[in-house]
Amino acid sequence: MHRQSQLLLPTERQPPADAEALSHKLMVRAGLIRQLGSGLWTWLPAGWRVHERIVQIVREELDAVGGQEMLMPVLLPAELWKRSGRYGIDELFKLEDRKGAEMVLAMTHEEAVTAHVAQVVRSYRDLPLILYHFQTKERDEPRPRAGVLRTREFIMKDSYSFDRDADGLDESYRKHIVAYDRIFERTGLEWYRVESDVGMMGGTGAHEYMAPCPAGENDVALAPGYAANVEVATAEPQPAQPLPDAIDGELHTPGASTIEALAQTLDVHPSALLKAFPVVTEERGLVLVMVRGDHRVNEIKLQNALRETFRPAREDELAERGLVGGYMGPVDGVPLLLDQAVAPGRYVVGANRADYHAVYTVDGAEQRADVRTVEPGDLVDGQAIRIEPAIEVGNIFKLGTRYSEPLGATYLDESGTERHVWMGSYGIGPARIAAAAIEQYADEHGISWPKAIAPWDVHVVALGKDDELAAAEALAAEVEATGLSVLLDDRPLRPGEKFADAELLGCPLRLTVGKRALESGAAEVQIRRGRQTPEEGVPLRGGGQAVRELWESLP
RNA sequence: CGGGGAGUGGCGCAGUCUGGUAGCGCACCCGGCUGGGGGCCGGGCGGUCGCAGGUUCAAAUCCUGUCUCCCCGACCA
């Protein structure tokens, strides 16, 4: 039993002036976290209890699929990162020790764990392995934000799988899906597993676990039976409005250098126009990418389609090839890449001459790729998608031999042939789970924890003086004896303040022991989610089991 | 990195334009009343006004530099 009178739980009536996200405001107000610098947060006792409850859920489910917990250092030799080719990452903190040796602070642990496996694993008999740890990650983020949602230092559960081949990796990946599905189900979050970008570093598959909430940094596209990060989502577009026959040939469109202006000038729907997006790649040079006027280029999908990185073309590169900013259209000598959603037909494009556009006919023979961002209402299997912001709370990724090759993680197979280990990496951010839960379930009075991750299961609030406090302590002890954790508010404060603090902190169940309880012999119950007070309270004496049963029925 | 905003007691803020004894609410400490939704009365503690330099008889206030934090965007292996 924890006594609130002795607990460091600094609640605040007002949120910090600079807080924007709901979880940020509430975590500070409820006394869970405090800031020390940009992106640097301390977990206070109550917040840390939440964090550790989440950690324990993750641990149990990873152990259940054969994961082995270990611990690797945060301070690492730079050498490993030079070998893997990741030393140049801007987010990587770099430093020297007193001897001048180059070190880095781990932003993740692929290098470290692969180096160990390279040393230790020699035979196919040593595989497969799933290794994991909970360890601090350091990332020099360009912009930390929203309390604990994006920080420069945070604890991540990262696991790594090591297999003999691609099939083995698939199996380890599948085990992680099982574990992760169970983890997020147990946390009580609303969550989705979505298809996600595998990134430029290769990889053969990736999913993200997303918790929808307003403060989310990602957008997910959702339809019945479909969930994908918009970075990779693909869907059938809504049909374009056909261009009226009256609009033809070259069009004088003074000043109409934006889609909006052009649509207005011509009095047509933006879907009858094509938007130009000129890029330059290493291999291909200048490429003119075009999407429908009512669509947006998705740079990640474009990069994946091109299979190489690109940058926006510079003014001089455009001028050199006869392309005119604001009035850009297909031109001889510049490869054209049309978005998949541009159906054959007539469209208005730039005439590559200031203040002029022209009608262009798409015949379907052009080079095409799916490079646009999906829009709400687009169809997947005939079902309209919606787009929601979400926090990424976990990810799973098939690495393949991305790290085993540079770091030399090999084994001998049955035939004595040396082969590279096939790897996967899998992350979960407990802090984000806590923040997402707050975002999803908080009301105007404060936090409402899912019961699996609440700092305490039951909050016993004692009102009044000695007799009430003694009764509250007795009840708290009975509740605790049923295996529930209890926070006892034994502070000599007025009821209003204590109730307000209890609702701010958000334990699933609140028991009030005051004069009324002494008179009636029953403590009043409040279920935090929904703030409902059942007609019947729980008996002051022998009420432990009743509380336990009530608690079992909560979300 | 681009744009915007802010640094004054633990929290939230006013004062800065127009230089002249550093203030308000909450919190905190002491005493009393009160006692089921942040109550009341009285008395207190607490601030080198982010930092450095300059102007001035005098700087929270004007000037220069600098640091930090937040928000939007870019970025996010």
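Note that the structure is predicted; figures quoted are calculated from it, not measured. Per chain, numbering begins at 1; letters A, B, ... match sequence-line order.
- A:Glu141 has its CD atom 9 Å from the C1' atom of B:C75, to the nearest Å.
- Remark: A:Trp449 engages no residue in a ring-ring contact (aromatic ring centres under 6.0 Å, His included) (not counting sequence neighbours).
- Atom P of nucleotide B:U34 and atom CD of A:Glu497 are separated by 19 Å, given to the nearest angstrom.
- Applying the Watson-Crick and G-U wobble criteria (two distances, each under 3.5 Å), B:C69 pairs with B:G5.
- Atom C1' of nucleotide B:C70 and atom CG of A:Leu40 are separated by 14 Å, given to the nearest angstrom.
- Residues A:Glu299 and A:Gly147 both approach RNA chain B. Their nearest nucleotides, taken by heavy-atom distance, put A:Gly147 toward the 5′ side.
- Salt-bridge check for A:Lys275 with A:Asp294: failed, with every basic side-chain N at 4.0 Å or more from each acidic carboxylate O.
- Rounded to a whole angstrom, the distance from the C1' atom of B:C62 to that of B:G2 is 30 Å.
- The CZ atom of A:Arg34 sits 11 Å away from the P atom of B:G10 (whole-angstrom rounding).
- Note on A:Asp501: a base of the nucleic acid sits closer than 4.0 angstrom, heavy atoms only.
- The listed nucleotides are B:C13, B:C69, B:G37; the one nearest the side chain of A:Ala17 is B:C13.
- Both distances falling under 3.5 Å, in either a Watson-Crick or a G-U wobble arrangement, place B:C13 opposite B:G23.
- Across B:A77, B:C75, B:C26, the shortest atom-to-atom separation from the side chain of A:Tyr403 is found for B:A77.
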| field | From CA spacing to verdict: side chain to side chain donor-acceptor pair (under 3.5 Å), A:Glu153, A:Thr151 | value | CA-CA 5 Å; A:Glu153 174 176 298; A:Thr151 55; over 6 Å; no
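- Between the side chain of A:Arg510 and the base of B:G37, a donor-acceptor pair under 3.5 Å is found.
- B:G42 and B:C30 make up a base pair, with Watson-Crick or G-U wobble contacts both under 3.5 Å.
- Side-chain to base pairing of A:Arg494 with B:G38: no donor and acceptor N or O lie closer than 3.5 Å to each other.
- Rounded to whole angstrom, the span from the CG atom of A:Leu44 across to the P atom of B:C11 amounts to 14 Å.
- Side-chain atoms of A:Arg432 do not come within 3.5 Å of backbone N or O of A:Val393 as any donor-acceptor pair.
- Relative to the six-membered ring of A:Phe93, A:Arg139 misses at least one condition, a distance below 6.0 Å or an angle of at most 45° to the axis.
- Annotation: salt bridge (charged side-chain N to carboxylate O under 4.0 Å, His left out) contacts involving residues 2-15 of chain A, sequence neighbours excluded, comprise A:Arg3-A:Glu473, A:Glu12-A:Arg34.
- Qualifying side chain to side chain contact (heavy atoms under 4.5 Å, CB included) partners for A:Arg174, counting only residues two or more places apart in sequence or in other chains: A:Glu171, A:Val178.
- In this model, the phosphate group of B:C70 is approached by a side-chain N or O of A:Ser38 to a distance below 4.0 Å at OP1 or OP2.
- When only modelled atom types and interatomic distance are considered, A:His459 and A:Gln4 share a side-chain donor-acceptor pair under 3.5 Å.
- Residues from residues 526-541 of chain A that place a heavy atom under 4.0 Å from any atom of RNA chain B, listed by number: A:Arg531.
- Each of B:C71, B:C13, B:G10 was ranked by its minimum atom distance to the side chain of A:Glu12; first place goes to B:G10.
- For RNA chain B, no neighbouring residue in residues 104-115 of chain A is found when judged by any heavy atom under 4.0 Å.
- In terms of the ring-ring contact (aromatic ring centres under 6.0 Å, His included) criterion, residue partners of A:His207 (sequence neighbours excluded) are, by chain and number, A:Tyr173.
- The separation of B:C17 from B:C26, taken at their P atoms, amounts to 29 Å, rounded to a whole angstrom.
- At the heavy-atom level, A:Ala500 lies under 4.0 Å from base atoms of the strands shown.
- Atom CD of A:Gln35 and atom P of B:G10 are 16 Å apart (whole Å).
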What does the list of N/O pairs under 3.5 Å between the protein and nucleotides 41-45 of chain B look like, with a distance for each?
none

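- Across residues 206-218 of chain A, not one residue has a non-hydrogen atom less than 4.0 Å from an atom of RNA chain B.
- Between A:Asp18 and A:Pro15, the residue anchored nearer the 5' end of RNA chain B, judged by the nucleotide with its closest heavy atom, is A:Pro15.
- Between A:His109 and A:His133, the ring planes lie perpendicular to each other; the angle is over 60°, past the 30° to 60° tilted range.
- Salt bridge status for A:Glu79 with A:Arg83: present, with a side-chain N to carboxylate O gap under 4.0 Å.
- Contact check on A:Glu503 versus A:Arg531 returns a salt bridge, with a Lys/Arg side-chain nitrogen under 4.0 Å from an Asp/Glu carboxylate oxygen.
- Using a 4.0 Å heavy-atom distance criterion, A:Pro492 is classed as making no nucleic acid contact.
- Among the atoms of the strands shown, base atoms are found under 4.0 Å from some heavy atom of A:Gln14.
- Taking every side-chain heavy atom of A:Arg145 into account, B:C71 is the closest of B:C75, B:G36, B:C71.
- Residues passing the side chain to side chain contact (heavy atoms under 4.5 Å, CB included) test with A:Leu92, sequence neighbours excluded: A:Trp81, A:Tyr87, A:Ile89, A:Lys94, A:Val104, A:Met107.
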| query | Where along nucleotides 1-8 of chain B does protein come under 4.0 Å, by heavy atom, of base (B) or sugar-phosphate alone (S), with - for untouched nucleotides? | reply | --------
| Audit row: A:Tyr132, A:Lys157, side chain to side chain contact (heavy atoms under 4.5 Å, CB included) steps and yes/no | CA-CA 7 Å; A:Tyr132 75 96; A:Lys157 184 290 297 174; 4.2 Å; yes
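- The side chain to side chain contact (heavy atoms under 4.5 Å, CB included) check on A:Ala115 picks up A:Leu80, with sequence neighbours excluded.
- For A:Lys465, taking side-chain heavy atoms from C-beta onward, the closest of the listed nucleotides B:C26, B:G36, B:G35 is B:G35.
- Side-chain contact annotation: A:Thr533 with A:Gln526, donor-acceptor N/O pair under 3.5 Å absent.
- On the P atoms, B:G53 is 32 Å away from B:C71, given to the nearest whole Å.
- When the C1' atom of B:G37 is taken as reference, atom CG of A:Leu463 falls 10 Å away, rounded to whole Å.
- Residue contacts for A:Ala462: at a heavy-atom cut-off of 4.0 Å it reaches no nucleic acid atom on any strand shown.
- Pairing partner, B:C62: B:G54, with both Watson-Crick or wobble hydrogen-bond distances short of 3.5 Å.
- Applying the side chain to side chain donor-acceptor pair (under 3.5 Å) test to residues at least two apart or on different chains, the pairs with a partner in residues 492-502 of chain A are A:Thr11-A:Asp501, A:Arg491-A:Asp501.
- In this structure, the CZ atom of A:Arg29 is 20 Å from the P atom of B:G10, given to the nearest Å.
- One finds no salt bridge joining A:Lys25 and A:Glu20 here, because no Lys/Arg side-chain nitrogen approaches an Asp/Glu carboxylate oxygen to under 4.0 Å.
- With no hydrogens or angles considered, no side-chain donor-acceptor pair links A:Ser196 and A:Asn229 at under 3.5 Å.
- If you check every strand for non-hydrogen atoms under 4.0 Å, A:Gly464 touches nothing.
- Using a 4.0 Å heavy-atom distance criterion, A:Pro16 is classed as a sugar-phosphate-only contact.
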